[in-house]
Every structure is written in C-alpha cells, then in structure tokens.
Amino acid sequence: MSKNSRVVRAPRGSTLNARSWQTEGPLRMLMNNLDPEVAERPEDLVVYGGRGRAARNWESFDRIVATLKAMDNDETLLVQSGKPVGVIRTHADAPRVLIANSNLVGRWATQEVFDELERRGLMMYGQMTAGSWTYIGSQGIIGGTFETFVEAGRQHYGGDLSGRWLLTAGLGGMGGAQPLAGVMAGCSVLAVDMRAERIERRMEGGYLDRRAASLDEALALLAEAKRTGKAVSIGLLGNAAEVYEEILARGTLPDLVTDQTAAHDPLYGYIPAGWTIAEWERRRDSEPEAVIAAAKQTMARQVRAMLEFRARGIPVFDYGNNIRQMARDVGVEEAFAFPGFISAYVRPQFCRGRTQFRWIALSGDPQDILVSSRKLKGIVEDPSFARWIDMAETRIRFQGLPSRSYWMGLRDRVAAGLALNQMVASGEVGAPVIVTRDHISSGSVASPNRESEGMLDGSDAVADWPMLNALVSCASGATWVSLHNGGGVGIGYSQHAGFAVVADGSEDAARRLSRVLANDSSVAMFRHADAGYDEALATVEREGLRTFGAPP
Ligand code: NAD
C-alpha cells in the first residue's frame, strides 16, 4: 500500500464539482472519510477500525473521484473492495454507487484467505462505514455508546452511575467515543491505549479529559472524582492486558469493564504485551504468523482478567471487537461467559424499532446542523432526542463535515428525513444533506458474536437479512448502497449492509427518503418479529407493518 502525503478534505459550500448532488454527495462523503480530522491514518487510506479503508489504493481513489465528477444521473458506479470496476446504465431512482467490500465465499471467508488476497492487491477491508463512505469520526458512534452505558447503569446500578467508574481500552476511531460517552452517562472512565498519539488526539478533540502518567495517578484521579461526584475521563498509556491484571492485583476495582481495542484484527489491530510499537510494525510484514500468535496470547490474558473481574461480581461485556472469539481460539474455553454489548444492552432498543439516523451537512457549515437539529427537536416525537441534542450541542465537537446522529424509531426517522429535505428546499440550510446510518442496526447485520448473538430462535448465523436489507435499499432508491463482510468482528464473522440518501430538496428525494428509511426500519422489525421477540411483534403491530413473522 502506497503512503501518500496529500491532504484530502471534502469540498464545502453550494457549488457543485460533480454534475449533480446525486454524485456530489458520495464524492464529498468519500473525501470526508479521509479528512485528517476524521480518519485515523489517512496517508494509508485507513479510516478507522484497524485497517478499515476508504479505497483500495490511491489510484482507485483518484479514479472514483474522477468518475463521480463525470457521471450522469442515469448511471451507476460499481466498486469492488475499494476499486472502481465499471459504470452501468441504470435510471434516476437507482443508486448512483453500488459497493461490495471484503466479501468471500463462505468456506473461504477467513482472515488468512483475506490477508493473502489483500497482499496480492485483490481486496480491501471496508470495516463498516469506512469502505461505504459514511464514517464521520467518533461523533458517529458516541450516541450508541452513550445509550449502551446508560442501559448498563440502568440494569446494574438502578440508573445512577455517579461515583462509579468504567475500565476500558482502545482510544481509536470508535473506542475514542467511550470516555466522553461515559462521562455524559454520569460515570468516570479509565481508558488504556498503547499509543500516546491516540490519547493526545482524544484530548485535542474534547473526548478525553485527562492523561495520567501512571496507574497510581489514574486511580488517585478516580478516587477524587468519586469524592467530588464529578465524573472524569482519564487516558493511560499501557498495554490493556497488563493494566487489567495490575488493577486486579491491587484490588481497586471498577464498576463496569469492557474493551474496544481493534482485537478483531490480530495482525493489525492489537499490540502484544511486551512489544514496542516499532517492533510490532516491523514484524507485521516479516513474520505475520508470529505477530498473530503473540497478539492472541495477550488477548487471552486480557480476557482471563475480564473473566476474573466478572468472578468478583463486576458487570463485564464485550464491546463488539470479537476479543472473546480470539481468546477462545487459543484455549480460553469460558471466554463467552460474559455477554456482548448488543445482547446485553442494545437488543431491547432494536425490538422497539430504534435504529440509527445520522445526517451530514454537505455545506460544511456547522450552522446547518445547529439549525436543523433544533428544528428536528420539534418534529421527532421521542423525548430522549431533544435531551440528546442539547447535550450534544454542548459536549460534542464536529469532525470534518458537521453532522449529528441518534437512534430513532421508524416514524421519527421518516419524519426527520423529510423535514431535512424540506429545509434544503426552503434554503434554511446552505446545501443538501446526507441521511444515512452506521451498520450497527438490527436488520442489516448478521454477526453471531455481536448484533445477532443469542437470537431467540437461534438464527444468529443467518446472513439473508443483511442481503435483503441491501436489496431493499436499492429497490427503495438509496443514493448509494454497500454490502460488506467482516465489519466490527473480522473477516468471516459478520455480513452487513449500509445505505446513504442525498436529501437535495427535490420531491424525488422526499419519495426516496421516506421509502428508504421506512423500509430499512421495516426489515429490522421483520427480522426481530420473525425471531419471535414479543416487543418486536408489538412494534410491528403498532407501526402497521405487513409481516408474516409471528412464530406458529
Ligand atoms: P482503531 O484501530 O482506530 O483503534 C484501536 C486502538 O486500540 C488503537 O488506538 C490501538 O493503539 C489500541 N490498542 C491495540 N492493542 C492494544 C493493547 N494491547 N492495549 C492497549 N491498546 C491497544 O479501532 P476503532 O475504530 O476504535 O475500533 C475498535 C474496535 O471496535 C474494532 O475491533 C472495531 O471493529 C470495533 N467496532 C466497534 C463498534 C462499536 O459500536 N462499538 C463499531 C464498529 C467497530
């Protein structure tokens, strides 16, 4: 992979670089993915999540950009694992871009096969929103992280996290949202990371309050936070496995434990104990097997420590990075004794029909997000939305193109999408808006160690749902649609789909938005009703959806 020192940033304002907003939208979003404020390693095209990339290589990136600029509104660009492969004639309501990333035939869908194909330049890891050009930095995940911590507090501590602290690791693109989300939910957070520059970056972005020079200092700051009742987030440089073991040995125990290192990728995502970063980077190319083996041994130590926290009565959960699987692969048989975050805290939200809704101002003007979120407060019926927007306005800084995200039910999503489109039409915002979601949703992900872990009917590994979801988004008129393997948890462990719609203020866009948003939420409801969840069946009934999903 060729490094490149150029700086990519999405164009701002209302002047088109492409022939219409239908292609300007994906163009700006692809570039925004690589904005240095947004991406973790833009020089390598790495957006977040280990090696989640926006394009296969710089030649592919340039060709995608040039193609989008020249395309008409009855054409569709096809992207295969980050490489543009052709343009086909379609029609105005068809997607302008169709993306397939990291997909391998079942029996071949392993990290080893993928790594070999990637080395030969034939594939790219798209993670979830990296290769689908909808990543917006930690601001995209923070709402979900906040909801997860609030629900954990509700289940274990009567809804009050004050005076408590969460132990976690990983301050990358996704994991970096944890400290701020924790403080917003009312608890202190100790976050361990091996890279000093990640700790710096989260402090600069307003996601992390303090840096501790040692575990002693970190524990003293946590004790002070407990005394004063003022939650604080602290970054600590170190290896997660070693720090977790040390905390256990000292007996100053946290109140919640998780981890968000990029454990899903034992070659590029997780640094073995006792290794320096330089040694790890050097040996990745020359001795990949040794790196993978050492990383998995350290993950086993970390998971054993997490199991010990659990044995001492502390709620522990996997935060969607497949660390339990990696530990089990090397002999930690009981690794799955603690749950994943979806089955523990998020599935009830899925059954109530809530799925993420995010919107991005293509103008680049923060005012567009402030004006539109205030307007949406009067439109979205879920009262928690207004509270979230107030909190987000004071606490969350924009990265790259300004945006906001929150989880909403079907009706709220459609109403919000139409209201945004109307604001574009009336000129209340300065340019069109992108409406999209992340891939952590209930109907668009099959991931047996994460989104579909422990489904009521045992359908955890059924990957038909994300396929149907992607087809539905195409049929409904999304502006771009993507279908990926391996996001979150690594190759072979998940299948998932994403979409984005350009709200350009036209009546066509209004029709597309209402179809895409309603149908995306509907697939999610069908999936959970079909699995037999009572709350999902009730939601289907309430929303008047046509499903055959009730079990006999
Ligand atoms: P990232 O690659 O940007 O960051 C990973 C961080 O972990 C880096 O800062 C790295 O220095 C640190 N790290 C690695 N090994 C370590 C060790 N042994 N000790 C301490 N720190 C270590 O990844 P990201 O975007 O933050 O994603 C993190 C994980 O979460 C990934 O596995 C990703 O697939 C998963 N994920 C989670 C969600 C979610 O909703 N929670 C969504 C998508 C993906």
Side-chain angles (χ1 to χ4, degrees), residues 38-41 44 46-53 125-130 135 137-138 140-149 167-178 181 191-202 207-208 235-245 258-275 277 280-281 291 294-303 305 317-326 340-342 345-346 356 405 438-441 445 447 449-451 484 486-491 493-494 496 498:
V38 176
E40 296 297 314
R41 281 195 289 125
D44 295 322
V46 169
V47 180
Y48 79 104
R51 55 180 134 158
R53 289 199 163 84
Y125 182 54
Q127 250 293 359
M128 291 186 140
T129 48
Y135 185 70
S138 306
I141 196 72
I142 187 166
T145 311
F146 169 79
E147 297 257 353
T148 302
F149 294 164
L167 171 64
T168 189
L171 287 171
M174 295 277 105
Q178 297 176 99
V192 185
D193 201 293
M194 274 291 286
R195 289 172 181 270
E197 73 271 16
R198 293 292 167 95
I199 295 177
E200 287 309 311
R201 185 170 176 152
R202 300 310 154 212
Y207 277 81
L208 186 64
L236 178 67
L237 189 64
N239 189 289
E242 292 174 338
V243 174
Y244 283 30
E245 287 169 354
T258 188
D259 166 74
Q260 224 178 127
T261 56
H264 70 277
D265 185 343
L267 183 56
Y268 283 87
Y270 190 92
I271 303 147
W275 292 38
I277 301 280
W280 176 61
E281 286 178 348
V291 173
K296 285 192 169 183
Q297 285 306 330
T298 306
M299 287 188 221
R301 279 174 60 183
Q302 192 182 340
V303 168
F317 58 98
D318 167 307
Y319 215 139
N321 61 1
N322 222 12
I323 195 165
R324 294 172 300 172
Q325 182 71 49
M326 299 294 155
F341 76 112
I342 299 276
Y345 306 123
V346 179
Q356 202 202 42
S405 67
D438 62 22
H439 293 207
I440 306 178
S441 90
V445 192
S447 185
N449 290 346
R450 209 171 112 151
E451 277 80 355
H484 296 206
V489 280
I491 300 295
Y493 287 103
S494 64
H496 44 101

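FYI, side chains are in, hydrogens and waters are out, and symmetry mates aren't considered; it's all heavy atoms of this structure. Every number for a ligand or one of its atoms is a count from 1 in the order of the listing.
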Report the distance from atom CD of Glu147 to atom CZ of Phe341, rounding to the nearest 0.5 Å.
12.0 Å
What are the atoms of ligand 1, with element, lying closer than 4.0 Å to any heavy atom of Gly269?
14 (C), 15 (N)
Among the heavy atoms of Ala241, does any lie under 4.0 Å from an atom of ligand 1?
no
For a 4.5 angstrom cut-off between non-hydrogen side-chain atoms, does Arg51 reach Leu267?
yes
Any donor-acceptor N/O pair, His496 side chain to Gly487 backbone, under 3.5 Å
yes
Please list, chain by chain and in numerical order, all residues satisfying ring-ring contact (aromatic ring centres under 6.0 Å, His included) with His264, sequence neighbours excluded.
Tyr125
Within ligand 1, which atoms have a heavy atom of Ala240 less than 4.0 Å away?
17 (C), 19 (N), 20 (C)
Atom 27 (O) of ligand 1: which protein heavy atom is closest, and how many Å away?
Met174 CB, 3.7 Å
Gly50 heavy atom under 4.0 Å from ligand 1
yes
Can an N or O of Met194 be found at a distance shorter than 3.5 Å from an N or O of ligand 1?
yes
Short side-chain to backbone donor-acceptor contact, Glu245 and Gln302, under 3.5 Å
no
Just need the protein heavy atom nearest to atom 44 (C) of ligand 1, so name the residue and atom and give the distance.
Arg450 NH1, 3.7 Å
List the closest protein heavy-atom neighbour of atom 6 (C) of ligand 1: residue, atom name, distance to the nearest 0.1 Å.
Asp193 OD2, 3.6 Å
Can you tell which of Arg450, Arg324, Gln325 makes a side-chain hydrogen bond (donor to acceptor under 3.5 Å, both in side chains) with Asp318?
Arg324
If you have a sec, work out which protein heavy atom is nearest atom 25 (O) of ligand 1 and how many Å separate them, to one decimal?
Gly49 N, 2.8 Å
Proximal ligand 1 atoms for Ile141, defined as those under 4.0 Å from one of its heavy atoms
39 (C), 40 (O)
What's the spacing between Met128 CE and Ile440 CD1 if we round to 0.5 Å?
6.0 Å
Taking only heavy atoms of Gly170 into account, list the atoms of ligand 1 that are under 4.0 Å away from them.
7 (O)
Looking at Arg198, which atoms of ligand 1 are within less than 4.0 Å of one of its heavy atoms?
1 (P), 3 (O), 4 (O), 8 (C), 9 (O)
Do me a favour and list the nearest non-hydrogen protein atom to atom 16 (C) of ligand 1 with residue, atom name and distance?
Thr261 CG2, 3.7 Å
Identify, for atom 15 (N) of ligand 1, the protein heavy atom at the shortest distance, and state residue, atom and that distance.
Ile271 N, 2.9 Å
Would you find a donor on one side and an acceptor on the other, under 3.5 Å apart, between the side chain of Arg195 and the backbone of Gly170?
no
Please list, in number order, the atoms of ligand 1 under 4.0 Å from a heavy atom of Glu40.
3 (O)
How does Ala262 reach ligand 1, by side chain, by backbone, by both or by neither, if only non-hydrogen atoms under 4.0 Å count?
both
At under 4.0 Å between heavy atoms, is it the side chain or the backbone of Asn322 that contacts ligand 1, or both, or neither?
neither
Between Ala169 and ligand 1, is there a nitrogen or oxygen pair with a distance under 3.5 Å?
no
So, Ser494 side chain and Gly486 main chain: donor-acceptor pair closer than 3.5 Å or not?
yes
Atoms in ligand 1 flagged as close to Gly173, the criterion being non-hydrogen separation under 4.0 Å:
3 (O), 24 (P), 25 (O), 26 (O)
Around atom 28 (C) of ligand 1, find the nearest protein heavy atom and jot down its residue, atom name and distance.
Gln260 O, 3.2 Å
So, Arg41 and Glu197, do they make that salt bridge, N to O below 4.0 Å?
no
Write out the residue and atom name of the closest protein heavy atom to atom 31 (C) of ligand 1, then the distance separating them to 0.1 Å.
His264 ND1, 3.3 Å
For the backbone of Tyr244 and the side chain of Arg301, can you confirm whether one donor and one acceptor N or O come within less than 3.5 Å of each other?
no
Just say parallel, tilted or perpendicular for the rings of Tyr319 and Phe149, cut-offs at 30° and 60°.
perpendicular
Using heavy atoms and a threshold below 4.0 Å, how should the contact between Gln127 and ligand 1 be classified: side chain, backbone, both, or neither?
side chain
Closest contact, heavy atoms only, Pro272 versus Thr298
CA-OG1, 3.4 Å
For Leu171, does its backbone N or O pair with a side-chain atom of Asp193 as donor and acceptor, under 3.5 Å?
yes
Going by the order shown, which atoms of ligand 1 are within less than 4.0 Å of some heavy atom of Ile440?
39 (C), 40 (O), 42 (C)
Judged by non-hydrogen atoms, does Gly320 sit under 4.0 Å from ligand 1?
yes
